[in-house]
Every structure is written in C-alpha cells, then in structure tokens.
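See below for the structure under consideration.
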Amino acid sequence: DNCKTTEYSKMKSMLLDLQNQKYITQENENPNDEDISRKKLLVDQMFKYFDADSNGLIDINELTQVIKQEELGKDLSDCTLYDLLKYDDFNSDKHLALEEFYRAF
Ligand SMILES: [Ca+2]
Ligand SMILES: [Ca+2]
C-alpha cells in the first residue's frame, strides 16, 4: 500500500485547506474565530458536503462523487479519500460518521 501516514496527514490538511478556501469565499464575517471552533466548523461543513444524501454517514459512493467533483484523483499524493475509510472508520462499518470525521481531522 502506498499511502503512508505522513502522506495521509498531508492529504487531510489539504482537504481542510480546500474547505477553508470555500469557507472564506462563502462568508468572511468572523476571521478572528478561535482555531479550534473554526476547525470544527470546517469539518462540519466538509462532512455535510461529503454526505450527499444527508443520512449522517459517508459511504464509499459518496467519496467517489467528491473525488470526481473536486478532481482529487489528479493529486500527486499516494493517498485518496478512500484511505479515510481505511484509517478512520473506527467501528469498521464501512461508513464515516461525523464523530469519526472529528477524530480524523
Ligand atoms: Ca450519506
Ligand atoms: Ca464507521
């Protein structure tokens, strides 16, 4: 397997950056928000974005959609969004819940 922990961490911070950029373009009212709450907000938003059918769980099909939409397949990193399911699906139900997302990021 090519996805090393360091690469995986890089991919996750890249995802946060991406979400951060979207967040800034959407609304820029509280630039002085505390880092922690801001990160939680970003993870919240990202989760909603990933969870296309809003059932509170992210499955592999929804990850595939995000990869297509964001063209993440072109990234140079050896890690993909599917590695989220591999590394951060703590209860191994093949879905990512919001709690697992918080722990991941
Ligand atoms: Ca879903
Ligand atoms: Ca899970």
Side-chain angles (χ1 to χ4, degrees):
D1 216 315
N2 294 324
C3 184
K4 307 260 179 355
T5 317
T6 46
E7 289 295 308
Y8 183 57
S9 304
K10 264 190 234 168
M11 183 192 72
K12 289 200 283 196
S13 47
M14 185 201 78
L15 286 171
L16 277 178
D17 281 350
L18 236 121
Q19 194 62 45
N20 197 31
Q21 283 162 24
K22 282 185 201 168
Y23 178 72
I24 286 166
T25 52
Q26 272 170 17
E27 46 187 304
N28 198 12
E29 290 162 8
N30 300 311
N32 295 322
D33 265 0
E34 283 177 47
D35 278 354
I36 295 168
S37 61
R38 181 179 175 85
K39 189 174 180 187
K40 186 174 179 293
L41 213 84
L42 290 176
V43 175
D44 270 344
Q45 285 191 339
M46 190 162 40
F47 188 86
K48 279 184 197 146
Y49 172 60
F50 279 31
D51 184 19
D53 64 3
S54 303
N55 69 343
L57 294 167
I58 296 165
D59 61 33
I60 195 155
N61 294 322
E62 287 169 336
L63 289 179
T64 305
Q65 280 181 30
V66 175
I67 291 170
K68 279 184 192 162
Q69 278 166 19
E70 302 288 339
E71 301 187 335
L72 293 171
K74 288 176 185 168
D75 196 79
L76 293 172
S77 160
D78 289 321
C79 300
T80 67
L81 289 185
Y82 298 126
D83 290 305
L84 283 170
L85 272 180
K86 211 170 70 191
Y87 286 105
D88 287 313
D89 178 21
F90 290 102
N91 63 358
S92 303
D93 66 352
K94 306 274 184 256
H95 290 76
L96 288 165
L98 185 56
E99 284 303 310
E100 290 169 330
F101 231 55
Y102 285 148
R103 281 170 77 166
F105 291 93

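Read the numbers this way: they start at 1 and go in the same order the structure lists the ligands and their atoms.
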Inset, instruction - With side-chain contact (heavy atoms from CB on, under 4.5 Å) as the test, would you mind laying out the steps for Tyr49 and Glu70 before giving the verdict? - result: CA-CA 11 Å; Tyr49 172 60; Glu70 302 288 339; 2.5 Å; yes

Inset, instruction - Starting from the Ca ion (ligand 2), look over the N/O/S atoms of Asp93 and name the nearest one. - result: OD1

Legend entry - Pairing residues for Asp93 by the salt bridge (charged side-chain N to carboxylate O under 4.0 Å, His left out) criterion, not counting sequence neighbours: none

Legend entry - Ring-face cation contact, Tyr87 with Lys12, 6.0 Å cut, 45° max: no

Legend entry - Under 3.0 Å: N/O/S of Ser92 next to the Ca ion (ligand 2): no

Legend entry - Test item: Asp59 side-chain N/O and Glu62 main-chain N/O as donor-acceptor pair under 3.5 Å: yes

Legend entry - Any donor-acceptor N/O pair, Glu100 side chain to Phe90 backbone, under 3.5 Å: yes

Legend entry - Angle, OE2 of Glu100 through the Ca ion (ligand 2) to OD1 of Asn91 - 10° precision: 70°

Legend entry - Under 3.0 Å from the Ca ion (ligand 1), the protein N, O or S atoms, given as residue and atom: Asp51 OD1, Asp53 OD1, Asn55 OD1, Leu57 O, Glu62 OE1, Glu62 OE2

Legend entry - Donor-acceptor contact present, side-chain Lys39 to main-chain Leu16, <3.5 Å: no

Inset, instruction - Report the C-alpha separation of Asp44 and Tyr102 in whole Å, then their side-chain angles, then the decisive distance to 0.1 Å, and conclude whether the side chain to side chain donor-acceptor pair (under 3.5 Å) test is met. - result: CA-CA 8 Å; Asp44 270 344; Tyr102 285 148; 2.5 Å; yes

Legend entry - Under 3.5 Å: donor-acceptor pair, side chain of Asp51, backbone of Asn55: yes

Inset, instruction - Among the N/O/S atoms of Asp89, select the one at the shortest distance from the Ca ion (ligand 2) and name it. - result: OD1

